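Take a look at the structure below.
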Amino acid sequence: MPLIFYANDAGTDIFTPGNIGLQANTCIIEYRNNYANSGANYPDMKKTSIFTIALLALICFFTTTALAQTSNWTTSGRKLNLFPGLNKAEFAKQTQVNKVYWDKAMAFLAATNIDTLSVGKHVIDGENIFVSVSEGPTKEYDKTSWESHRNYLDIHLMIVGKERIGMMDTATATVTNAYDAAKDVANYDLNTKGNYYVADPNTLLIFFPQDAHRPSIHVDAYDKVKKLVFKIRVAQ
């Protein structure tokens, strides 16, 4: 019978440090209830619950470690924040497995005055990590489109101005243009609903292969923007 993980009654995020014991206990209680209903033996449940605690603690450790590392991300003298829609579990995986790539990205930001970056491609580590800088007008919502990538994850950061970017799970969307390996892109039904975030010069928006995104949406008072997008090879 599958485990079901729930946050505690106060709604604490499962990844929040300092609450591992309470969260693990909540998972065990839920698990006990499931087994009580299934008629399974308690000893078997107890062994699996111990495993559950260890697994939950491990997930928490790697996620909080990864988030702590990004607390030092700076560029052009300003501290950078992570957007609230971040997929924390995938973020923890990617930053641990491909730590060298993420360290290089962090070092590039810290050492570069991004305000002076020229439009175009800036290579950091061959085809493993590079930055694309663009400048131009934003678009009305109906002129933008959903996209996702398989080989690279995206990190969006505004250099000048603001734009709105949508995000949704590719599993919930209808594909309109099948994945093109040469371009590393797939597109989705424009009517698919998603969550929207404002990108600005102080916020990193990170999108993994399962995160379809809809960039370049116009924000009032910001008709023209300059932005960069990190492309980091995905860890399988």
Side-chain angles (χ1 to χ4, degrees), residues 70 72-86 91 94 101-168 176-177 179-188 190 192 194-209 211-234:
T70 60
N72 297 320
W73 283 37
T74 61
T75 189
S76 301
R78 61 180 181 271
K79 181 180 180 297
L80 300 174
N81 303 305
L82 296 174
F83 82 122
L86 178 69
F91 178 73
Q94 294 294 330
Y101 292 170
W102 288 81
D103 287 347
K104 288 182 178 181
M106 184 188 298
F108 176 86
L109 279 175
T112 304
N113 180 358
I114 64 172
D115 297 334
T116 63
L117 279 177
S118 59
V119 171
K121 181 176 179 179
H122 300 262
V123 176
I124 299 174
D125 182 356
E127 292 302 302
N128 294 318
I129 319 169
F130 56 90
V131 171
S132 293
V133 178
S134 61
E135 186 173 16
T138 51
K139 304 175 183 178
E140 294 303 318
Y141 178 80
D142 60 358
K143 301 297 183 182
T144 61
S145 60
W146 289 107
E147 62 182 52
S148 70
H149 317 290
R150 292 185 186 177
N151 295 329
Y152 293 91
L153 60 87
D154 281 5
I155 304 179
H156 291 238
L157 176 64
M158 306 305 295
I159 298 174
V160 178
K162 295 182 180 181
E163 70 177 38
R164 195 177 307 278
I165 302 180
M167 175 182 172
M168 59 93 173
T176 54
N177 290 316
Y179 177 72
D180 184 332
K183 297 180 179 179
D184 189 36
V185 67
N187 299 109
Y188 302 86
L190 295 178
T192 305
N195 297 314
Y196 291 84
Y197 306 91
V198 174
D200 61 49
N202 298 311
T203 306
L204 296 169
L205 288 85
I206 305 176
F207 304 108
F208 300 103
D211 302 327
H213 43 287
R214 190 169 186 163
S216 303
I217 302 171
H218 178 73
V219 171
D220 288 345
Y222 297 96
D223 295 329
K224 185 177 180 181
V225 300
K226 183 178 181 181
K227 67 181 292 185
L228 65 80
V229 177
F230 274 97
K231 306 290 285 189
I232 301 180
R233 190 174 295 280
V234 171

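Just the heavy atoms: all of them, side chains too, but no hydrogens, waters or symmetry mates, feed the values below. Values in this document were obtained by computation on a predicted structure and should not be read as measured data. We count residues from 1, following the sequence as given.
Rounding to the nearest 0.5 angstrom, the gap separating the CG atom in D142 from the CD1 atom in I217 is 10.5 Å. Expressed to the nearest 0.5 Å, how far CZ of F83 lies from CG of N81 amounts to 12.5 Å. Between the CH2 atom in W102 and the CD1 atom in I232 there is a gap of 5.0 Å [rounded to 0.5 Å]. Taken to the nearest 0.5 Å, the OG atom of S148 stands 8.5 Å off from the OH atom of Y179. Note that the OG atom of S145 and the CG atom of L190 stand 6.5 Å from one another [nearest 0.5 Å]. Atom NE2 of H156 is separated from atom CG of L204 by 11.0 Å, given to the nearest 0.5 angstrom.
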Can you check side chain to side chain contact (heavy atoms under 4.5 Å, CB included) on L109 and L157, steps first, answer last?
CA-CA 11 Å; L109 279 175; L157 176 64; 4.1 Å; yes
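Within the 4.5 Å cutoff, the side chain of I129 has no heavy atoms near those of the F108 side chain. Residues Y101 and F230 are not in side-chain contact: their nearest non-hydrogen atoms beyond the backbone lie 4.5 Å or more apart. Here the side chains of Q94 and V234 are in contact, with some heavy-atom distance below 4.5 Å.
Take Y152 and apply the ring pair (Phe, Tyr, Trp, His ring centres under 6.0 Å) test, not counting sequence neighbours, and it matches F130. In terms of the salt bridge (charged side-chain N to carboxylate O under 4.0 Å, His left out) criterion, E147 has no residue partners (sequence neighbours excluded). K121 is linked by a salt bridge (charged side-chain N to carboxylate O under 4.0 Å, His left out) to E127, counting only residues two or more places apart in sequence or in another chain. Scanning for ring pair (Phe, Tyr, Trp, His ring centres under 6.0 Å) contacts around F208 gives an empty result, with sequence neighbours left out. Every side chain to side chain donor-acceptor pair (under 3.5 Å) that Y141 has, sequence neighbours left out, goes to Y196, R214. Annotation: side chain to side chain donor-acceptor pair (under 3.5 Å) contacts of D223 (sequence neighbours excluded): none. Every residue was checked against the side chain to side chain donor-acceptor pair (under 3.5 Å) condition with S216, not counting sequence neighbours, and none meets it. Not a single salt bridge (charged side-chain N to carboxylate O under 4.0 Å, His left out) links D115 to another residue, sequence neighbours left out. Every ring pair (Phe, Tyr, Trp, His ring centres under 6.0 Å) that H149 has, sequence neighbours left out, goes to H213. Residues meeting the side-chain contact (heavy atoms from CB on, under 4.5 Å) test with P201, sequence neighbours left out: R78, M158. When the side chain to side chain donor-acceptor pair (under 3.5 Å) test is applied to T203, the partners found at least two apart in sequence or on another chain are D200. By the salt bridge (charged side-chain N to carboxylate O under 4.0 Å, His left out) test, K231 is found to be paired with D154, residues two or more places apart in sequence or in another chain being considered.
Residue P209 comes nearest to R150 through the heavy atom pair CG-O, 3.8 Å, listed as atom of the first residue, atom of the second, then distance. The minimum heavy-atom distance between S76 and N113, with the atom names listed, is OG-OD1, 3.4 Å.
N177 places no side-chain N or O within donor-acceptor distance of the main-chain N or O of A186, the cut-off being under 3.5 Å. At distances below 3.5 Å, not a single donor-acceptor pair connects side-chain atoms of N151 with backbone N or O atoms of D184.
Each of H218, K143, R164 was checked for a side-chain contact (heavy atoms from CB on, under 4.5 Å) with T138, and the lone residue meeting it is H218. A side-chain contact (heavy atoms from CB on, under 4.5 Å) with L228 is found for one member of T75, V131, V119 and no other, namely V131.
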